[in-house]
Chemist: 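The structure is given below, and queries will be raised subsequently.
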Amino acid sequence: MQFDYKVERIIDMKDKVCFEKFIIGRKHSRLLAAILVFAMLFAMVGCGEKEQETTTEIEVGDDDTFIDEDGFRIVKDYVVTTQDKVNVRKEAKEDGEVYITLDKGVDLTRTGIKDEWTRVIINGGNYYLLSEYVEETDIKWASETDIQKVSHVVFIDPARQITEDMSLEPMSPDVEAPALMSNGQYATPSSAQMAGMKAKMSTGAMGVSTGNFEYDVTLSIANYLNAELVKRGYTVYMSRTANNVDISNAKRAQMANAYGAEIYIKIETPNANEATATGMLGFIATSTNSHSGSRYQKNYELCYDVLKMSCEETGAKRMGIYETDELTVLNYCDMPATVMDVGFMSNEQDDIALSTDEYKKKIAMGMAKGIDLYFAESN
């Protein structure tokens, strides 16, 4: 964006005083001499460093650049990350919360520079990274027609959270919830009503060998997937970026709907009934689902592509696709959706693999390839 601007200044005696001629009469010589001294002093102040012009939101610097209200010099160009494991933070502070970690070679839109910090746009929001980790680059942007073909919105839901919530919510938007009383309890619900209710957030799994928690593992995989998808040009939204949240399963699907996501993917690493169970498993809603049955084919294609590529990338056993209407998130989604079990923390082999960054990155890479494949086939 090109800015055209004018800076107008009213020049008074403090900025510049010009005396072309002084005629001092005998009667007023002392008075005029005093005025001359004060005028010269003011002129000297005015000839010093130019006072910076400001407005309520931006100011114009000495080098004719715009400075915004956060102190960033406004730019509009493009940079690329120069190394792996670059932390992009929510605030321009060393201890700011990390939003995403990017590897080398990720192109970013730069909107501001301040001291050692660079401000960039990721997934439609402003984030910050140290300027030493990026360099300017030239990008050939796609045309409007190309963008419509290759740019997509993905919603990632890392399963679980630190605190379980065993209070109930309707398992489907088609279920009428019983009336709530002032004490938070349901007023004499019928057995049929309670059959359509489910816990908002059940307890996550814990690694049989490592003792790791499912909510940590799924968030880590989601962060890697987010970074990989951003690198590929997708817009990504996540249900959570921290573990200490309180977001029910229905709410997570409703978030995806609100963001206008084109696909929804939930990542799980649960316990299995059998300790020997290993590999990856996908879930979709049935073709008779009252809310999403019309999207059955798309649900199947999404699950199939992501499961196939994830297993190929990691070498994990492909356990197939399971159809069910018992998963709240799948019942609430307004777009193609799938739940992916990418390993079982009840299995020693899976648990140990899921504790390594190398394996989690492979899962993310496989899922990204599956998403690419799904959209390529859809187009």
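Residue numbers start at 1 and run along the sequence shown. What you are looking at is a predicted structure, and each value in this text was computed from that prediction instead of being measured.
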Chemist: When you measure from the side chain of R240 to the backbone N and O of A159, does any donor-acceptor pair fall under 3.5 Å?
Modeler: yes
Chemist: To the nearest 0.5 Å, what is the distance between NZ on K200 and OG1 on T328?
Modeler: 11.5 Å
Chemist: Do V86 and Y99 land in one hydrophobic cluster if side-chain heavy atoms of ILVMFWY residues count as linked below 4.5 Å?
Modeler: yes
Chemist: So does M319 have more than 12 non-hydrogen atoms from other groups sitting under 6.0 Å from CE?
Modeler: yes
Chemist: What are the two closest heavy atoms between E164 and S202, and how far apart are they?
Modeler: CB-C, 4.2 Å
Chemist: Regarding K362 and E313, does a basic nitrogen lie under 4.0 Å from an acidic carboxylate oxygen?
Modeler: no
Chemist: Test of understanding: clusters of I, L, V, M, F, W, Y form through side-chain heavy atoms closer than 4.5 Å, transitively. Do L354 and L307 belong to the same one?
Modeler: yes
Chemist: Can you tell me how far OH of Y304 sits from CD of Q297, rounded to the nearest 0.5 angstrom?
Modeler: 12.0 Å
Chemist: Just so I know, are the side chains of I121 and L108 near enough to count as touching, which here means a heavy-atom distance under 4.5 Å?
Modeler: no
Chemist: Looking at N243 and Q161, would you say the former's side chain and the latter's main chain have a donor-acceptor pair under 3.5 Å?
Modeler: no
Chemist: So do the side chains of T276 and T278 get within less than 4.5 Å of each other, counting heavy atoms only?
Modeler: no
Chemist: Taking it one step at a time, do H291 and D334 satisfy side-chain contact (heavy atoms from CB on, under 4.5 Å)?
Modeler: CA-CA 8 Å; H291 185 68; D334 292 340; 2.9 Å; yes
Chemist: Counting distance only, does the side-chain N/O of N87 pair as donor-acceptor with the main-chain N or O of V98 below 3.5 Å?
Modeler: no
Chemist: Using atom types as modelled and distance alone, determine if a side-chain donor or acceptor of D115 lies under 3.5 Å from a backbone N or O of W117.
Modeler: no
Chemist: Check the pair N123 / T235 against side-chain hydrogen bond (donor to acceptor under 3.5 Å, both in side chains), numbers first and verdict last.
Modeler: CA-CA 5 Å; N123 297 331; T235 296; 5.0 Å; no
Chemist: Spell out, as yes or no, whether a donor-acceptor pair under 3.5 Å connects the side chain of K266 to the backbone of P158.
Modeler: no
Chemist: What's the separation between atom CG in L130 and atom OG1 in T118, rounded to the nearest 0.5 Å?
Modeler: 8.5 Å
Chemist: Is the backbone N or O of V79 less than 3.5 Å from a side-chain atom of T137, with the two atoms forming a donor-acceptor pair by type?
Modeler: no
Chemist: Counting only heavy atoms not in N273, do more than 12 sit closer than 6.0 Å to its CG atom?
Modeler: no
Chemist: Test side-chain contact (heavy atoms from CB on, under 4.5 Å) on E268 and V342 and set out the steps.
Modeler: CA-CA 6 Å; E268 294 185 333; V342 296; over 6 Å; no
Chemist: Mind checking whether P170 and M197 have side chains closer than 4.5 Å, heavy atoms only?
Modeler: yes
Chemist: Which heavy atom of N347 sits nearest a heavy atom of A275, and at what distance?
Modeler: ND2-O, 3.0 Å
Chemist: I'd like to know if L219 and M345 are part of one continuous hydrophobic network [Ile/Leu/Val/Met/Phe/Trp/Tyr, side-chain heavy atoms within less than 4.5 Å].
Modeler: yes
Chemist: Counting heavy atoms not belonging to K251, are there more than 12 under 6.0 Å from its NZ?
Modeler: no
Chemist: Please check this pair: side chain of D77 against backbone of T109, looking for a donor-acceptor N/O pair closer than 3.5 Å.
Modeler: no
Chemist: Look at the side-chain heavy atoms of Ile, Leu, Val, Met, Phe, Trp and Tyr, link any pair under 4.5 Å apart, and say whether Y234 and F155 land in one connected group.
Modeler: no
Chemist: Are side-chain heavy atoms of V230 and I122 found at a separation under 4.5 Å?
Modeler: yes
Chemist: Determine, stepwise, if the pair D325 / T286 fulfils side-chain hydrogen bond (donor to acceptor under 3.5 Å, both in side chains).
Modeler: CA-CA 6 Å; D325 292 330; T286 70; 2.7 Å; yes
Chemist: Can you name the closest pair of heavy atoms from G282 and M340 and give their distance?
Modeler: CA-SD, 4.1 Å
Chemist: Look at D357 together with K360 and state whether they make a salt bridge at an N to O cut-off of under 4.0 Å.
Modeler: yes
Chemist: Is it true that, when you exclude Y224 itself, more than 12 heavy atoms of the residues, nucleotides or ligands shown sit nearer than 6.0 Å to its OH?
Modeler: yes
Chemist: Please evaluate residues S248 and E169 with respect to the criterion side-chain hydrogen bond (donor to acceptor under 3.5 Å, both in side chains), reporting the C-alpha separation (whole Å), side-chain torsions for both, the decisive distance (0.1 Å), and the verdict.
Modeler: CA-CA 8 Å; S248 74; E169 66 182 353; 2.9 Å; yes
Chemist: Where is the tightest heavy-atom contact between S209 and E348, given as atom of each residue plus distance?
Modeler: OG-CG, 3.0 Å
Chemist: Does the side chain of E323 pick up a donor-acceptor pair with the side chain of Y300 at under 3.5 Å?
Modeler: no
Chemist: Is a donor from one side chain sitting under 3.5 angstrom from an acceptor on the other, for S355 and N212?
Modeler: no
Chemist: Given side-chain contact (heavy atoms from CB on, under 4.5 Å), test I267 with D157 step by step and report yes or no.
Modeler: CA-CA 6 Å; I267 302 173; D157 181 11; over 6 Å; no
Chemist: Looking at E91 and R89, is there a salt bridge between them, counting it only when a charged N and a carboxylate O are closer than 4.0 Å?
Modeler: no
Chemist: Strictly below 4.0 Å, N to O, side chains only: are K104 and D84 in salt-bridge contact?
Modeler: no
Chemist: When you compare the side chain of Y78 with that of D138, does any pair of heavy atoms fall below 4.5 Å?
Modeler: no
Chemist: So do I100 and Y127 actually touch side chain to side chain, heavy atoms under 4.5 Å?
Modeler: no
Chemist: Hey, is E136 close enough to R110 for a salt bridge, meaning N to O under 4.0 Å?
Modeler: yes
Chemist: Distance from Q254 atom CD to C333 atom SG, nearest 0.5 Å?
Modeler: 10.0 Å
Chemist: Which pair of heavy atoms, one from I265 and one from I371, lies closest together, and at what distance?
Modeler: CD1-CD1, 3.6 Å
Chemist: Taking the side chain as everything from C-beta on, heavy atoms only, tell me whether E132 gets closer than 4.5 Å to Q83.
Modeler: no
Chemist: Salt bridge check: are K90 and E97 linked by an N-O gap of less than 4.0 Å?
Modeler: yes
Chemist: Which heavy atom of I363 sits nearest to which heavy atom of S310, and what is that distance?
Modeler: O-OG, 4.1 Å
Chemist: Using modelled atom types only, decide if a donor and an acceptor are shared between the side chain of T356 and the backbone of A353 within a distance under 3.5 Å.
Modeler: yes
Chemist: Is a side-chain N or O of T81 found less than 3.5 angstrom from the main chain of V106, in a donor-acceptor match?
Modeler: yes
Chemist: Atom CD in E116, atom CG in L129: separation rounded to 0.5 Å?
Modeler: 11.5 Å
Chemist: Do the side chains of I221 and Y215 join up, straight or via other hydrophobic residues, at under 4.5 Å, putting them in one cluster?
Modeler: no
Chemist: Ring centres under 6.0 Å, that's the criterion: do Y264 and Y332 meet it?
Modeler: no
Chemist: To the closest 0.5 Å, what do you measure between CD (E214) and CZ (F344)?
Modeler: 10.5 Å
Chemist: Taking atom types as modelled, find out whether N331 and N289 have a side-chain donor-acceptor pair closer than 3.5 angstrom.
Modeler: yes
Chemist: Answer yes or no on whether R119 is positioned over the face of F72, meaning its NZ or CZ is under 6.0 Å from the six-membered ring centre and within 45° of the axis.
Modeler: yes
Chemist: Decide yes or no on side-chain contact (heavy atoms from CB on, under 4.5 Å) for V88 and Y128, but give the supporting numbers first.
Modeler: CA-CA 5 Å; V88 182; Y128 309 89; over 6 Å; no
Chemist: Between R232 and D372, is the salt bridge (Lys or Arg N to Asp or Glu O under 4.0 Å) condition met? List the steps.
Modeler: CA-CA 9 Å; R232 294 169 185 239; D372 278 348; 2.3 Å; yes
Chemist: Please check this pair: side chain of K198 against backbone of E326, looking for a donor-acceptor N/O pair closer than 3.5 Å.
Modeler: yes
